[in-house]
Amino acid sequence: MATRGGFSSKFGFIAAAAGSAVGLGNIWKFPFEVGDGGGAAFVVMYLGFCFVLCFPVMVSEIAIGRRTQRNPVGAFEALGYKNWKFIGMMGILSGVLILSFYNVVAGWAFGYFLEMVQGNFGIGGQFSDFVKNVSRVGLYGICFMLATAFIVSKGIAGGVEKAAKFLMPTLIVIILSLAFYAMTLPNAMAGVTFYFLPDFSKITSDVVYSALGQAFFSLSLGMGALITYGSYVGKNDNIIESTVLITLADVGIAFIAGLMMFPLVAYMNQGDMSNISGGAGLIFATLPGVFETLGQGTGVFIGALFFLLLSFAALTSTVSLLEVPVAFVVDEFKLPRKVAVWGLATFIFIIGVPSLLSNGYSPFWTEFVTYFGSDKPTDFMTFVSDLANDTMLPLGGCLITLFTAYIWKKENLSDEIAVGNPKFKGSLIEKLINLGISYICPLVLGSLFILTVLDRFFGIKFI
Ligand code: PHE
């Protein structure tokens, strides 16, 4: 296995894993879900899910990866449980599905960066035409997939880690500067107040399920991305400490993204946050108009910086999404990394074409399916994201904790964590993690999975 490569340092792993976590989920999706879900009420729920339900899942994933040094499918086999390989298979399928539509949105972000550089603020009002121009956004998608594949083809230390070490600090500087700037604008405080004051009346069952899906999606959990990255981690790394740092980086950046977004929206609406409607267009349709009001010079600079930030954040995530199937193919079929990378990147781009067409260009893909109990059709891209993010990831998380607690066994998990963390055994955190994987995660995630499927796809509501 010497040829698999690995992270060259502890910081390298944390930067790469945080890079996987921090992405469109934090900067594009989180603010609009907060907007739709009652401001702070959604934030509190999301934080609770991240720290209570996701923490034990992340620890388990990294530990399984490090113990076996294999991809998510091979890992279960290497532990001696061939019959549980299906969890890894499902993870790889989720990863492929997520990357197929994620790359489309990443392409939009990159396209908007080019528009901002040219000072074309009108693009905000033309968002629906922009996404319908499939040859153009398709080309942006190709550029994005090429960049992703290029990085992954360079391997772990020389590609994934190197890119993350450059992109992550840059991203943090950009997002902090933008948030500080946004807060100096007139009426910014109305946005901050909206963000911090919960409106519990907006919490519906759907908002709860979305918050759970968002927690898993945003932390890159439930599909083996962290089994894969964990398989490249050194034995003297402290898994608990890494999990804390990755989680804090992820929720921290999502939080700051809100501190940037809501003041900007409040500034544009002159402090009126009463009918803030989120939706996928929050960033793409609204922000260019905000940047325009800042004047040509500042507007171009801030606008370009913003979409560059979004593209960078997306890139470290697409890299991790591609690395999962690549590791699988390289480990299991012994293909050279470069062949696996370019083959899979092409394949996933092709699977993403229906998502590309489903934003108004093709009526078939735009009105792909009407869920039971709904009167409106759902487009293909939303369908794939409903399926993968909100359904398959929490299910994957549930199965991973069940497997760890009852099949692989808690003692083995503790043994693996204790390598590199000698004080772990007998600590309070060990007890909490055991409680999490044995009872809390399987029960809560299992129930929420069932409720989400019934609600989302069949229109059957219990709460
Ligand atoms: N966490 C990424 C984001 O927030 C998305 C992602 C999900 C990446 C699953 C890898 C695995 O954008």
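The first residue of the sequence shown is numbered 1, and numbering continues consecutively from there. Numbering of ligands and ligand atoms starts at 1, following listing order.
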- Query: What do the steps show when you test Asn133 against Tyr361 for side-chain hydrogen bond (donor to acceptor under 3.5 Å, both in side chains), and what is the final call?
  - Reply: CA-CA 7 Å; Asn133 188 343; Tyr361 178 80; over 6 Å; no
- Intermediate values then yes/no, ring-ring contact (aromatic ring centres under 6.0 Å, His included), Trp408 and Tyr81: CA-CA 8 Å; Trp408 188 35; Tyr81 303 101; 8.7 Å; no
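Aromatic ring orientation, Trp28 versus Phe32: perpendicular (interplanar angle above 60°, classes split at 30° and 60°).
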Only pairs under 3.5 Å count here: list side-chain donor-acceptor contacts from residues 150-159, not counting sequence neighbours, and write none if there are none.
residue	atom	partner	partner atom	Å
Ser153	OG	Ala149	O	3.4
Ser153	OG	Phe150	O	2.7

Less than 3.5 Å apart, which donor and acceptor atoms pair up between the side chains of residues 251-260 and the rest of the protein, not counting sequence neighbours?
none

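Legend: residues meeting ring-ring contact (aromatic ring centres under 6.0 Å, His included) with Phe144, ordered by chain and number and at least two apart, are absent.
Listed by chain and number, Ser20, Ala21, Gly23, Leu24, Gly25, Asn26, Tyr102, Phe217, Ser218, Ser220, Met223, Ser317, Ser320, Leu321 each place a non-hydrogen atom less than 4.0 angstrom from ligand 1.
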